[in-house]
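Input: a single structure, listed below in structure tokens.
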Number of protein chains: 2
Amino acid sequence: MSGEVNIKRLAQELNISIATVSKALNDSYEISLKTKNRVWTLAKELNYTPNPAASNLRSNKTKTIAVIIPCVANNFFSLAIKGIEEIARQYGYHVLIYQTHEDTEMEMSFTNSLLNGRVDGILTSVSSNEYNNEYYKNLVNKIPMVFFDRVYEELDTFKVTTDDYQISYTATEHLIEQGCTKIAYLYGLEKLPAGRARFLGYCDALQAHGLLAAEDLVVHYSEDEANNLQNIKTLFQQQAPDALFSSIEEFIIPAYSACQELQLQIPKDVKILSFCNMSSAKLLNPSLTTITQPAFEIGNEAAKCLFKVLNKRGIGDDKDIVLQSTLIKRASTGG
Amino acid sequence: MSGEVNIKRLAQELNISIATVSKALNDSYEISLKTKNRVWTLAKELNYTPNPAASNLRSNKTKTIAVIIPCVANNFFSLAIKGIEEIARQYGYHVLIYQTHEDTEMEMSFTNSLLNGRVDGILTSVSSNEYNNEYYKNLVNKIPMVFFDRVYEELDTFKVTTDDYQISYTATEHLIEQGCTKIAYLYGLEKLPAGRARFLGYCDALQAHGLLAAEDLVVHYSEDEANNLQNIKTLFQQQAPDALFSSIEEFIIPAYSACQELQLQIPKDVKILSFCNMSSAKLLNPSLTTITQPAFEIGNEAAKCLFKVLNKRGIGDDKDIVLQSTLIKRASTGG
DNA sequence: TTTAATTACGTAAACGTTTTCGGATTACAG
DNA sequence: CTGTAATCCGAAAACGTTTACGTAATTAAA
């Protein structure tokens with residue numbers, strides 16, 4: 001009750017050495033079961049928990065990982081965090097969260113501040129505002145890292161992604177099958193492999209069906225929400241597309257709003273589908289056809305990979321892990 | 001380049017003592033500006049960052065706070081985290097995340113594991129499955145804590161909440177004004193003050209307008225989603241209410257689904273409003289009238305309060321901070 | 001019985017900081 | 001020239017662990 005309870009205190013009360021207590025607590029083979037039990041029961045009795053700072057300092061292990069993502073207030077990332085946390089919990093690890101807000105400067109500032117032994121490893125989904133390959137090429141040698149969803153290529157680390165190209169191809173074909181011939185593309189993540197893969201899947205599907213991808217039919221994402229709404233409205237007025245393929249969730253609200261304001265009926269006048277992890281997609285007016293990434297599983301898998309690295313396992317494993325997204329057809333692309 | 005760069009290394013290269021380097025890095029008044037500059041430039045040159053474990057151990061400060069919440073994959077909490085992180089960043093603090101999944105056992109396990117100096121303070125929104133006041137009464141004496149949204153009463157700590165009673169009262173009146181006379185209540189967070197305040201606001205508003213709150217009109221939240229849908233359907237079949245007041249976001253999907261399945265038109269046959277932080281509320285079919293809590297601001301304010309405590313400020317301040325939710329009227333309660 | 005191996009524990013040095021205390025130097029007033 | 005204060009810096013002890021190494025006691029092998 002009185003005074004802080006540390007390993008020295010345990011040693012005194014049991015009349016054994018500090019070293020023995022430490023070893024007993026860590027279940028070392030050097031200590032007899034009898035002594036271990038004495039230590040364990042007293043530790044529990046006094047509610048002893050080891051001081052993390054002292055432990056980290058001496059052992060160079062923190063039992064902590066960092067998650068660096070653009071933003072937690074995004075369905076994909078919050079689900080991914082949930083997946084990460086589940087695994088971390090199983091391993092008894094703590095999880096630090098850092099939000100970059102799509103800013104590579106922040107990203108570098110965070111990672112740099114983590115290189116001094118604050119964490120054992122890093123999980124990250126990189127920012128979209130810049131392509132920063134060189135920086136990461138250096139970084140991955142300094143600390144165990146796993147990338148998920150938004151990755152850099154050609155890094156010798158585990159990377160967990162989804163089949164962006166294939167699912168975009170499939171989704172585009174779905175629109176074509178529904179009779180669309182002038183499919184506009186709402187382009188996000190342009191500077192990242194994921195974003196380009198999605199766009200390429202769309203382009204190739206168009207081409208395979210004798211349609212052509214025109215730059216006039218592409219709306220590029222703007223951080224200013226008002227711009228996105230305006231740009232989509234302009235797209236409708238100038239090009240009159242019969243479908244919108246949205247590559248990121250952030251386009252959904254301006255897309256629907258634009259249709260409302262221009263009195264376009266979905267799906268009669270225009271069909272819409274989007275990459276999306278909102279649980280409310282099926283309640284939209286009309287319900288939205290989505291490409292849904294397995295966000296929770298991605299986080300889960302990425303965390304598992306990181307722990308493989310931390311535990312020196314999985315040396316020979318394939319480091320490119322690709323999970324499948326699913327196309328969920330709903331009313332917004334319906335007949 | 002070679003070897004780890006620590007304070008000793010800096011001292012050697014500059015031919016000064018370790019103590020001087022440490023003090024210079026911390027901008028101590030004991031060190032001349034000239035020496036400070038020498039230290040600072042070399043530190044920058046060698047990319048020196050202090051070892052957190054050593055620093056924590058010696059100084060008993062971690063520059064880290066913990067956020068303990070039910071789940072990150074919830075719009076309210078992910079926004080709150082965003083608000084928390086913003087403030088933490090300003091103070092140069094790191095943020096640990098723990099998810100309880102509404103389990104008080106988890107909650108206690110997490111908090112207990114944080115009492116050994118892993119963090120300087122805790123921000124939390126408590127779990128709903130149990131009312132655990134006694135435990136927290138003890139806890140708040142052991143570590144700086146701030147509660148937000150889901151709080152325990154009568155604790156001498158900062159508590160950041162919203163005007164649950166008042167906004168529920170107002171929202172109920174809105175339904176009454178729209179002509180509803182049989183308003184059902186979808187009851188969540190029953191064991192917490194927030195949940196009870198919402199219910200009370202609803203009850204009192206009914207009473208003030210000559211309506212009565214019947215237990216038959218209350219659906220209690222179940223963790224099994226299928227149950228919620230079924231219970232709402234049963235409610236409609238047995239009671240035929242003309243409005244649903246949903247006290248938590250989780251009821252929205254089953255409520256809308258039930259209406260779809262029973263072919264009830266919103267808002268003609270039944271009006272619906274809900275506590276909700278989904279950005280897509282206005283895109284639902286029909287758009288949803290919501291009580292929206294200022295989630296980001298709540299996180300922001302809670303974090304500010306915690307830093308007040310950590311910096312020994314705000315002693316005389318009012319510790320009950322109440323922010324205003326807003327009722328956003330949309331089609332689901334429209335004429 | 002002697003020797004080697006095994007078991008169980010202790011000693012003490014680390015880990016990289018922060019901080020107390022004291023010492024040396026300089027400046028300045030008397 | 002002396003005494004006092006201010007300024008700047010260093011020595012060394014912490015902080016609570018982990019761990020390499022040593023050692024005594026016991027057991028097994030010869």
Side-chain angles (χ1 to χ4, degrees), chain A residues 2-40 42-43 46-64 92 94 113-120, chain B residues 2-40 42-43 46-64 92 94 113-120:
Chain A
S2 67
E4 298 310 312
V5 38
N6 53 23
I7 227 173
K8 187 194 289 181
R9 166 94 178 274
L10 295 182
Q12 282 175 348
E13 302 219 2
L14 293 174
N15 257 320
I16 56 181
S17 77
I18 288 182
T20 305
V21 175
S22 173
K23 289 176 192 168
L25 290 170
N26 293 322
D27 203 9
S28 160
Y29 69 97
E30 293 182 56
I31 306 299
S32 70
L33 188 58
K34 189 179 158 195
T35 313
K36 281 180 186 173
N37 278 324
R38 290 182 63 212
V39 173
W40 291 340
L42 182 65
L46 297 183
N47 233 320
Y48 167 80
T49 52
N51 180 300
S55 180
N56 298 348
L57 177 59
R58 176 58 224 237
S59 66
N60 256 326
K61 305 258 150 88
T62 63
K63 283 255 170 193
T64 305
H94 302 255
S113 79
L114 296 174
L115 293 178
N116 50 18
R118 183 175 290 275
V119 299
D120 295 344
Chain B
S2 66
E4 299 310 312
V5 38
N6 52 22
I7 227 173
K8 187 193 290 181
R9 166 93 177 276
L10 296 182
Q12 283 176 347
E13 303 219 2
L14 293 173
N15 258 321
I16 56 181
S17 77
I18 288 181
T20 305
V21 175
S22 173
K23 289 175 192 169
L25 290 170
N26 293 323
D27 204 9
S28 160
Y29 70 96
E30 294 183 55
I31 306 298
S32 71
L33 188 57
K34 188 179 158 195
T35 313
K36 281 180 186 173
N37 278 324
R38 289 183 64 212
V39 173
W40 291 339
L42 182 66
L46 297 184
N47 234 319
Y48 167 81
T49 51
N51 180 302
S55 181
N56 298 348
L57 177 59
R58 178 57 225 239
S59 66
N60 255 327
K61 305 257 150 89
T62 63
K63 284 255 170 190
T64 305
H94 302 256
S113 80
L114 296 174
L115 293 178
N116 50 19
R118 183 176 288 275
V119 299
D120 295 344

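Bear in mind that the values here come from a model prediction, so they are computed numbers and not experimental data.
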How close or far is atom [atom2] of [N] from atom [atom1] of [X], stated in whole angstroms?
X      : N      : atom1 : atom2 : value
A:Y29  : C:dA5  : OH    : C1'   : 14 Å
B:N37  : D:dC8  : CG    : P     : 13 Å
B:N116 : D:dC15 : CG    : P     : 17 Å
B:R9   : C:dT17 : CZ    : P     : 12 Å
A:I16  : D:dA24 : CD1   : C1'   : 17 Å
A:D27  : D:dT17 : CG    : P     : 17 Å
A:N60  : D:dG16 : CG    : C1'   : 15 Å
B:E4   : C:dT17 : CD    : P     : 11 Å

Taking donor-acceptor contacts at under 3.5 Å, does the side chain of B:R58 reach the base of C:dT18?
yes
Give a yes or no on whether a donor-acceptor pair under 3.5 Å exists between the nucleobase atoms of C:dC9, that is its base, and the side chain of A:E30.
yes
Quick one: is [X] getting a side-chain N or O under 4.0 Å of the [N] phosphate, OP1 or OP2?
X     : N      : answer
A:S32 : C:dC9  : yes
A:S55 : D:dT17 : no
B:T35 : D:dC9  : yes
B:Y48 : C:dT17 : yes

Which of residues 19-26 of chain A have a heavy atom under 4.0 Å from DNA chain D?
A:A19, A:S22, A:K23, A:N26
Taking A:I18's backbone N and O only, do any of them form a donor-acceptor pair with A:S22's side chain (distance below 3.5 Å, no angle check)?
no
Would you find a donor on one side and an acceptor on the other, under 3.5 Å apart, between the side chain of B:N26 and the backbone of B:S28?
no
Toward the 5' end of DNA chain D, which comes first, B:L57 or B:I31, by nearest nucleotide?
B:I31
Find out whether [X] and [Y] are in side-chain contact, i.e. whether some heavy atom of one side chain is under 4.5 Å from a heavy atom of the other.
X     : Y      : result
A:L42 : A:Y48  : no
A:L14 : A:V39  : yes
B:K36 : B:D27  : yes
A:N51 : B:N116 : no

Between A:I18 and A:L33, whichever has its closest DNA chain C nucleotide further toward 5' is A:L33
Should the pair A:K61-A:D120 be classified as a salt bridge under the 4.0 Å nitrogen-to-oxygen rule?
no
